[in-house]
Amino acid sequence: MNQRIKKLRDQSQNAIPRISAERALLVTEFYKSGLAQQVSAPVRRALAFKYILENKKICINDGELIVGERGPEPKAVPTYPEINLHSPEDLEVLHNRPKVWFRSDEETRRAYKEVVIPFWKGKTNRERIFANLDREWKDAYQAGVFTEFQEQRAPGHTVLGKKMFQKGFRDLKEEVARAMEKLDFFNDPEALDKREELKAMDIAADAIILFAERHARKLEELAKAESDADRKIELMEMAAICRKVPAHAPETFHEALQHYWFIHVGVVTEVNPWDSFNPGRLDQHLMPFYEKETRAETLTRESAKELLSSFWIKFNNHPAPPKIGVTAKESSTYTDFALINLGGVKEDGSDAVNEMTYILLDVIEDMRLLQPSSMIQVSKKNSDRFIKRTARIIKTGFGQPSVFNTDAIIQELLYQGKDIIDARNGGASGCVETGAFGTESYILTGYFNLVKIAELTLNNGTDPVTGKQVGLKTGEAESFQSFEELMEAFKQQLNYFVDIKVKGSNIIDRIYAKNIPVPFLSLLIDDCIVKGKDYNAGGARYNTSYIQGVGLGSLTDILTSLKYHVFDKKDMSMQRLLDAVKHNFEGEDELRFKLLNQTPKYGNDDDYADTQAVRIFEIFFDAVNGRPNTKGGHFRINLLPTTSHVYFGSVTGATPDGRLARKPLSEGISPFQGADRKGPSAVIKSAAKIDHLRTGGTLLNQKFTPQILEDDKGLDSLVHLIRAYFRMDGHHIQFNVVTAGTLRHAQKHPEEHKDLIVRVAGYSDYFNDLGEELQDEIIRRTENVAF
Amino acid sequence: MNISDNTTALSSVSRGKKGVEGVIFDIKHYAIHDGPGIRQTVFLKGCPLSCWWCHNPESRDKEIFTYEKQETIDGRKLYYTETVGKNYGMVELLSGLEKDRIFFEESGGGVTFSGGEPLLQADFLLEALRQCRQREIHTCVDTTGFVSSSRMEEAARHTDLFLYDLKVMDDRLHQKYTGVSNVQILDNLQLIDSLGKEVWIRYPLIPGLNDDENNVFRMLDFLTRLTRKPPVQLLTYHKIGKHKYSRFGIPYKMKGVEEPSPEEIENIKKHFEDAGFEVSIGG
């Protein structure tokens, strides 16, 4: 890392996350103008987007090579009042909360109080959503049965494909014009809507070109004033690049990075989409530029690395937009989930690992930043060397890169009906979500608390935490004569809540389609232009809605406990067990010990327990999979938690697996913390028993002590372990390589461990930024090392 | 779905050889330092040696026994009966191995029979080795070498690789530290070497007891005379087994013995390397 990069990295690391009212004020100004009222929704959104990009402050950080900030400076985070309006109390909470805070100054608060709030109160999308949801939905949401991703942030959940590394916005404008020409008002009843959408796309394309030109002008000004001759030249070169991209297709390595970055800033300025945005298969996209330039000797490996480092820092400058309430609990992190994909296969099916893959791994290792997240795609066609190189980064213990099974991802996409070329151009984004890059909208609708469903089932539909009847009356638990009766009741409850969730999601989707179209994002994802349809209204080639199941490991252990003790061994009555649960195992140490330590558990390759995991999977799958969504696609399942396993645990009482009330649930498809006693091979055997290929992603967390990866044999064995999991069609595995002792020390002395990064779930985070519950949970996850 | 079900495949075993049972005190999965690849290490109970530094003193006695184990739950003490050792039939052992087959295949691993001294339960071990060969599971036997030559020869027929412990070359000291003579041990090593078996030597480094140059040079001298130079693994002494001595009421003789320093380990490693041996540390 050279001086320049070190300085930029420090600036990024030390920047204070704070709220900027800039975007909120600009969007308010625009909506107040008469113009906003006179045009269609898509055109209104495009004009708002243009207004922001025309008027926002241009930020160019000293020494940087890639330019463009979403806010006025690094980590100054804009807000999106048209989607979710923060109240003065929200700003206060965001300012003061102990973790994942955002400072706001007097001026910002005043702007909110005097301008933003008076205009937007009662008009936001969030209010529109809650006004349209029914009582059953709200009851379930309040009880913590599920969360809702779109209540504070717009849908997004997509990744750029390769086309945008080959095209400029002038090319897209031509495509838009052609689509406009093809509109058939004689035979297409939607022709007017399409024309409005295409008009909006055209405006959005102009907006981003203009934004780049503003950067060019600013760079030229800076060049004029620059005394350092080298930097002067550099600034002039950067200005020239901003005059060229993103209007035109990039031709050099530097242009390609700057081109993407403008696109990225555009996507996260238009709305606050989940998972920010993502360049996807970066090694594939960049290799042609790198090859061409190194051959022409206009670029060296080192200068490419410097550009990439500057690019990396841009991601780190952009924390996730401020989240509040349940959204903050389910995703309590600054990380905004841009997940760089490396490796995998090319669209012809051949090994995609190239020199750029290894360069990017070097950059990941060097930069050691939270953002962007990184992962490797591993196909059977990729070499062991590739995995081993990655393992050398993993062993340094910052949780990155995570490891994905390309062959599984492709089969998952094919199962959903995608074309094989689109599937091979895909990968995983966010935490672990499978997607066809450049062609798919794959929305996460919300987390689904599988354990809460069991709790409601055991309480005849009443939530024991609040005493409220939330679910169906499926019978008193003591009346179940067999395990099958219990499972039947569970299934009924689960289907009931999935119905509610799907209904809510379909309502919310249409609210976004009508009120918050995204013409800029629509330019990027095929086939929105050709169809003349917005991304949020089904314009993408593929449209998938996911419900993310949480607590598979915990629920498996709960059902296994009941089956083992109550119905098979009959050494405990249902009443006795539920009494202990009701009293949070107070005075029941022996019983709890038995449940924790003398009962079959998921994660040990024990079919007695694992059979229940498979069963739960199938019930959840049947309830969700294949239902139509509003965009011509379908609902599917995946299994991942972000931080919702902590939130869901906090609204769930004690459970028959021995878990205490309010404690976190298991995360992803990992075993409950400490329940796995037979090492990583047994864990992956258990985890592979569910059919990953019928999901859109599963998340498996694996702990390792640093000692076990110390030598070459340890690294080789890790490679073999990964290969074995993937041979069994496992989707994803990530590693935490840190000792529980280190974490405990960090909890007591946070000041000494400012740089300690751990794997949470599908992303890494600073240990210090995690809530105490989550810190404890990760310590428990880490310390049970029996081998 | 991948729920493994090997009962059909195993039924022939259970019909044919009923009653061969072994006493196993632990099974370790994802064992990566007990031979090549990822292995399952099966610890057979019972050992004729009583090495001072033994990590698993509860493994010496072949009999299964119980003791009161103390656990804490939310900081409160809880006592329960823990059993050390479990009877395994061949079916159970083999179905457990089959569960890890995918790891053996991916990594070139297999099963390692360790102990105690696995050859002490010869009937069970030999049957297990035969069954593994039939199933193409690579086998290691981690042995003290302290068994009759006929038994060692029989085992060698069915074993792919021996992990052979060499501790002290001086017989008097060997007797002092392990309770038995090393004559048979050294003879057996020469025997399996002459049979052309693959052997890896494991040398536990115990500071002050067997890490002196005299012992090292005598070992080198002995090993150089084998038909081929075996790879050598230096196992560094850890005090991790200490608490077990008080728990099981076994006299602890290692007071004051420290773990070897990295410099010392390097020094010994160099002696072996200079003599042309391939050396690794920590197995």
Side-chain angles (χ1 to χ4, degrees), chain A residues 384 585-594 596-598 604-607 610-611 613-614 617-618 658 660 676-692 704 707-730 786-787, chain B residues 1-7 26-41 43 69-83 92 95-111 200 231 233-234 236 238 240 262 279-283:
Chain A
D384 284 350
F585 300 107
E586 230 160 88
E588 293 280 13
D589 284 352
E590 251 170 74
L591 183 138
R592 182 159 173 254
F593 183 81
K594 201 169 178 177
L596 287 173
N597 298 297
Q598 295 167 346
N604 297 289
D605 194 13
D606 176 349
D607 284 347
D610 298 348
T611 303
V614 173
F617 174 88
E618 295 298 339
L660 293 174
D676 50 322
R677 305 278 169 77
K678 292 189 176 169
S681 54
V683 171
I684 72 167
K685 280 291 300 290
S686 286
K689 287 174 192 176
I690 58 168
D691 185 359
H692 296 234
F704 273 95
Q707 291 84 346
I708 208 156
L709 296 176
E710 216 166 52
D711 56 9
D712 225 41
K713 177 74 189 282
L715 290 175
D716 284 335
S717 300
L718 186 74
V719 172
H720 299 313
L721 187 77
I722 292 167
R723 290 282 196 200
Y725 187 46
F726 289 178
R727 207 171 121 194
M728 294 185 281
D729 292 335
F787 52 91
Chain B
M1 241 170 300
N2 291 309
I3 293 193
S4 52
D5 182 6
N6 297 305
T7 41
D26 197 11
I27 289 180
K28 186 170 145 192
H29 303 263
Y30 197 72
I32 60 172
H33 294 122
D34 294 334
I38 297 172
R39 312 194 70 82
Q40 189 181 120
T41 303
F43 294 90
K69 191 171 179 183
Q70 182 195 310
E71 274 287 338
T72 54
I73 188 159
D74 292 332
R76 293 183 294 275
K77 281 182 188 147
L78 194 77
Y79 294 90
Y80 69 100
T81 309
E82 174 89 337
T83 306
E92 198 179 355
S95 65
L97 290 174
E98 287 293 348
K99 283 185 160 196
D100 284 353
R101 176 180 288 279
I102 191 162
F103 307 105
F104 303 161
E105 290 184 357
E106 283 297 332
S107 67
V111 60
W200 293 4
Q233 301 186 322
L234 304 179
T236 53
H238 291 294
I240 47 171
V279 194
S280 60
I281 294 166

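The sequence lines fix the lettering, A, B, ..., with proteins before strands; numbering per chain opens at 1. From a predicted model like this one, the values you see are computed outputs, not experimental measurements.
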Which bit of [X] is near chain B, if near means a heavy-atom gap under 4.5 Å: side chain, backbone, both or neither?
X: A:L721; answer: both
X: A:E590; answer: both
X: A:D589; answer: both

Out of curiosity, [X] [atom1] to [Y] [atom2], how far, rounded to the nearest 0.5 Å?
X: A:H720; Y: B:I32; atom1: NE2; atom2: CD1; result: 10.0 Å
X: B:R39; Y: A:S717; atom1: CZ; atom2: OG; result: 11.0 Å
X: B:L78; Y: A:K594; atom1: CG; atom2: NZ; result: 12.0 Å
X: A:D711; Y: B:I281; atom1: CG; atom2: CD1; result: 10.0 Å
X: A:S681; Y: B:I38; atom1: OG; atom2: CD1; result: 7.0 Å

Taking atom CD of B:E71 as the centre, report whether more than 12 heavy atoms of other residues, nucleotides or ligands fall under 6.0 Å from it.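 For B:E71, atom CD is crowded (more than 12 foreign heavy atoms under 6.0 Å).
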Quick check on B:I102 against chain A: is it the side chain, the backbone, both or neither that has a heavy atom closer than 4.5 Å?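 Both parts, backbone and side chain.
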Against chain A, label B:Q40 side chain, backbone, both or neither, depending on which of its atoms sit under 4.5 Å from a heavy atom there.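 Neither part.
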Nearest heavy-atom pair of B:Y30 and A:L718: which atoms, and what distance?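 Distance-wise, the nearest heavy atoms are OH-N, 3.4 Å.
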So which atom in B:K99 and which in A:D606 form the shortest heavy-atom distance, rounded to 0.1 Å?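 Reported closest heavy-atom pair: NZ-CA, 4.1 Å.
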Check: A:N597 and B:Y80 side chains under 4.5 Å, non-hydrogen atoms: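 SC-SC contact between B:Y80 and A:N597 ruled out.
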Donor-acceptor pair, side chain of A:K713 and main chain of B:H33, under 3.5 angstrom: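 The answer is no, because no donor-acceptor pair under 3.5 Å joins these two groups.
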